[in-house]
Amino acid sequence: AQSVTQLGSHVSVSEGALVLLRCNYSSSVPPYLFWYVQYPNQGLQLLLKYTSAATLVKGINGFEAEFKKSETSFHLTKPSAHMSDAAEYFCAVSEAGNNRKLIWGLGTSLAVNP
Amino acid sequence: ETGVTQSPTHLIKTRGQQVTLRCSSQSGHNTVSWYQQALGQGPQFIFQYYREEENGRGNFPPRFSGLQFPNYSSELNVNALELDDSALYLCASSFATGGTDTQYFGPGTRLTVL
């Protein structure tokens, strides 16, 4: 069965510092992987997705993620944090097939300190 | 092009009542997925509708039911509400291609059961 583990429920960085949010997955077949961001009292916005093309995926707002099959990881990074990046970040996995439901991690809350 | 919309934004019900939540999919999309997000948790897949037919269901009891209409909008119905049904209900639409089928989310409906 698929599962997603996000290490660290809360991450705090200083403005301008590197952001690293960790995601590990388990899947019996090559997965599709996603990062979504959720601002308070809002829905989920797609940041980026991995679809078995390039292993380094660039997304919106300066975020990127690298798919590492050997480590079953898909960590999200941003070189320089901005105050507006403070939000909840979710990693999700799905498999190709008839029902491409998303399986989600528990989320990581990112705080950015001035 | 309009995005995914959901109504109502907030809803308060009492235990045992029934509720209907509505979702309008993004233009051109033929698939709608519903998720339940409890406070502090990642979303949980409820079910998905593809061209008006249920196309997969998560681990939710039969009192959670849904519909998809010819215009691909959708409803989520919950009967005999329980306190644990209090959550943010998210609708996501996508266009089924057999590939990654990126899901785009609405802002959610916050349901409170008293």
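First the proteins, then the strands, lettered A, B, ... as listed; each starts at 1.
- Contacts of Gln6(B) with chain A are absent, with no heavy-atom separation under 4.5 Å from either backbone or side chain.
- Shown here is Gln68(B), whose CD atom has more than 12 heavy atoms of other residues, nucleotides or ligands within 6.0 Å.
- Under a cut-off of 6.0 angstrom, the local environment of CD1 in Ile60(A) is crowded, with over 12 non-hydrogen atoms contributed by other residues, nucleotides or ligands.
- Interface summary for chain A: among Cys91(B), Gly40(B), Gly108(B), Pro107(B), the most heavy-atom pairs under 4.5 angstrom belong to Pro107(B).
- Using a 4.5 Å cut-off between heavy atoms, Gln6(A) makes no contact with chain B at all.
- Heavy atoms of Leu102(A) lying under 4.5 Å from chain B belong to its backbone as well as its side chain.
- Put simply, OG1 on Thr20(B) and CG on Leu76(B) are 8.0 Å apart, with the number rounded to the nearest 0.5 Å.
- Linking Ile, Leu, Val, Met, Phe, Trp and Tyr whenever their side-chain heavy atoms come within less than 4.5 Å leaves Leu67(B) and Ile46(B) in two separate clusters.
- Top candidate by heavy-atom pairs under 4.5 Å with chain B, chosen from Ala92(A), Gly107(A), Gly43(A), is Gly43(A).
- Going from atom CG of Asn24(A) over to atom SG of Cys91(A) covers 8.5 Å, rounded to the nearest 0.5 Å.
- Contacts of Phe47(B) with chain A are absent, with no heavy-atom separation under 4.5 Å from either backbone or side chain.
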